[in-house]
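One structure is given below, encoded as structure tokens.
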Amino acid sequence: MSATANERRATPEAPRVLGAARRRRRTRAHDGWWALVFLLPALITILSMRVAPTVSAFWGSLHQGFPGGIREPEFAGLANYSELFHSPAFLHTVVLTLIFNVILNPLQVAIALLIATLMTRRIRLAGIWRTLVFVPATIPIVGSSIVWGIAMRPQGPLNGILEALGLPAQPFFTSPQQALASIMLVATWVGVGYWMIFLISGIENIPAEYYEAARLDRAGPIRTFFSITIPMLKRPLLFVLVADTVANFVLFVPVQMLTNGGPENSTTLQMFNAYRTSYTYGDKTLGAAEVVVLTLIMLLFVALQFWLLRENSGETGARR
């Protein structure tokens, strides 16, 4: 009798529970549709500006011929890739691109981290200094390339300063030994201030209690930096490294404007090489294959960095 009475008392509650569940489902469906409406412009942009060109480039790389020319492109499978990997010039370009990124990416992130650390100290006029470092990131890269091209030309102001100091003038962009390093300088000038902002945000989000504990333990600034700042900043650091890697793999404007891939192909990075193959030599299918190879190499680097990020997250979760 007691169980039956309890069932009777519980029975009127069932419709109310089912009604509340239905309302929650309707609310979630309604919110999901509105989320889709607001995300639709971004999704359309990504599909039209990123996904579609990537698919088109991959499909084009499987053909050989000249669109609108004497011989229309025909399906050729992996013939373009075979041609590329049997070309010493292409392999040289790939190696040069890898060297460029292996040197430049850690260098830019290290400089940005150093400046971000200094900017989060108690220094006078910190806001003004931050703004001055960030200003190059607000200038279009074309403008920065023009300014550096003028400053570093053989009779430019930078060589004038060197000669005033009793040092010999440098060839910079006209030297096969210095041109790539000069491109790195321009890219660093443009990028460091931008990456600094992300790292400053990450440093300012580190709880102050950690630094107070370090001061109580009489830890010096170097030990504090490597024991607290770096471990607590791994996520922003890896994000900056990934984004910086992508930006430098597709670096194009300074190379085109300042060296045009020279002298002696010493600055022919893969992005510029794909452009030159497609639009200077007119072989767009081979250029598409070069873009696909560049994309795969870049994704390999990014996947490695994301793997490091995921590994770090797992270790952090295990420690907690």
Side-chain angles (χ1 to χ4, degrees), residues 50 53-54 57-58 60-61 78 80-112 141-142 144-145 148-149 152 172-192 194-195 238 240-281 283-308:
R50 300 294 183 184
T54 301
F58 176 71
S61 72
L78 301 178
N80 281 322
Y81 296 97
S82 176
E83 181 179 342
L84 287 178
F85 285 102
H86 285 87
S87 168
F90 174 76
L91 296 177
H92 168 77
T93 299
V94 171
V95 171
L96 189 67
T97 303
L98 292 175
I99 292 172
F100 180 82
N101 282 274
V102 167
I103 294 174
L104 184 61
N105 297 344
L107 180 64
Q108 284 188 345
V109 174
I111 294 173
I141 193 168
V142 172
S144 296
S145 299
W148 279 102
M152 300 176 72
F172 296 121
F173 295 120
T174 59
S175 166
Q177 289 74 38
Q178 297 185 16
L180 190 64
S182 300
I183 294 292
M184 289 182 184
L185 175 62
V186 176
T188 301
W189 164 264
V190 173
V192 161
Y194 183 73
W195 307 125
L238 284 169
V240 167
L241 184 58
V242 168
D244 188 42
T245 298
V246 174
N248 287 327
F249 262 106
V250 298
L251 187 71
F252 172 74
V253 173
V255 176
Q256 185 198 30
M257 293 189 64
L258 299 174
T259 63
N260 201 37
E264 299 177 14
N265 287 324
S266 61
T267 60
T268 304
L269 302 178
Q270 186 54 35
M271 189 66 190
F272 176 78
N273 193 48
Y275 163 83
R276 186 170 61 183
T277 300
S278 298
Y279 296 103
T280 302
Y281 303 149
D283 194 344
K284 292 186 178 181
T285 59
L286 189 62
E290 292 183 2
V291 170
V292 171
V293 172
L294 173 64
T295 303
L296 291 176
I297 295 172
M298 182 176 65
L299 289 177
L300 180 63
F301 270 68
V302 171
L304 176 62
Q305 291 159 354
F306 270 107
W307 177 76
L308 293 173

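All values derive from a computational prediction rather than experimental measurement.
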Chi angles and distances behind the side-chain contact (heavy atoms from CB on, under 4.5 Å) call for Ile183, Phe100: CA-CA 10 Å; Ile183 294 292; Phe100 180 82; 4.1 Å; yes

Modelled atom types, side-chain donor and acceptor of Thr277 and Glu290, under 3.5 Å: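 A pair is found: one side chain offers a donor N or O, the other an acceptor, under 3.5 Å apart.
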
Test log, rule side-chain contact (heavy atoms from CB on, under 4.5 Å), inputs Gln270 and Phe90: CA-CA 8 Å; Gln270 186 54 35; Phe90 174 76; 3.4 Å; yes

Beyond-backbone contact of [X] with [Y], side-chain heavy atoms, under 4.5 angstrom:
X      : Y      : result
Trp148 : Val190 : no
Leu269 : Leu180 : yes
Trp195 : Val109 : no
Gln178 : Phe173 : no
Met184 : Leu107 : no

Exercise: identify the closest heavy-atom pair between [X] and [Y]:
X      : Y      : result
Val292 : Ser61  : CG2-OG, 4.2 Å
Leu286 : Glu83  : CD2-OE2, 3.9 Å
Lys284 : Ser278 : CG-O, 3.6 Å
Ala289 : Asn80  : CB-CB, 3.9 Å
Gly262 : Ala179 : O-CB, 4.2 Å
Gly261 : Thr268 : O-OG1, 2.8 Å

Would you give the length of the straight line joining atom [atom1] of [X] to atom [atom2] of [Y], rounded to the nearest 0.5 angstrom?
X      : Y      : atom1 : atom2 : value
Leu299 : Phe249 : CG    : CZ    : 9.5 Å
Thr174 : Leu258 : OG1   : CG    : 12.0 Å
Met298 : Met271 : CE    : CE    : 9.0 Å
Ile99  : Leu104 : CD1   : CG    : 13.0 Å
Thr97  : Ile297 : OG1   : CD1   : 7.5 Å

Ile141 vs Leu251, side-chain contact (heavy atoms from CB on, under 4.5 Å): CA-CA, chis, key distance, verdict: CA-CA 10 Å; Ile141 193 168; Leu251 187 71; 4.1 Å; yes

Mark yes or no for whether [X], through its side chain, and [Y], through its backbone, hold a donor-acceptor pair below 3.5 Å.
X      : Y      : result
Thr245 : Leu241 : yes
His92  : Pro88  : no
Ser266 : Pro263 : yes

Residues Val253, Phe272; criterion side-chain contact (heavy atoms from CB on, under 4.5 Å); working and verdict: CA-CA 9 Å; Val253 173; Phe272 176 78; over 6 Å; no

Over 12 foreign heavy atoms within 6.0 Å of CZ, Phe252: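 Yes, CZ of Phe252 has more than 12 neighbouring heavy atoms, counting only those of other groups under 6.0 Å.
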
Of all pairs that satisfy side chain to side chain donor-acceptor pair (under 3.5 Å), the ones with a partner from residues 246-261, not counting sequence neighbours: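 Sorted pair list: Asn105-Asn248, Gln108-Asn248, Asp244-Asn248, Gln256-Tyr275, Thr259-Thr267.
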
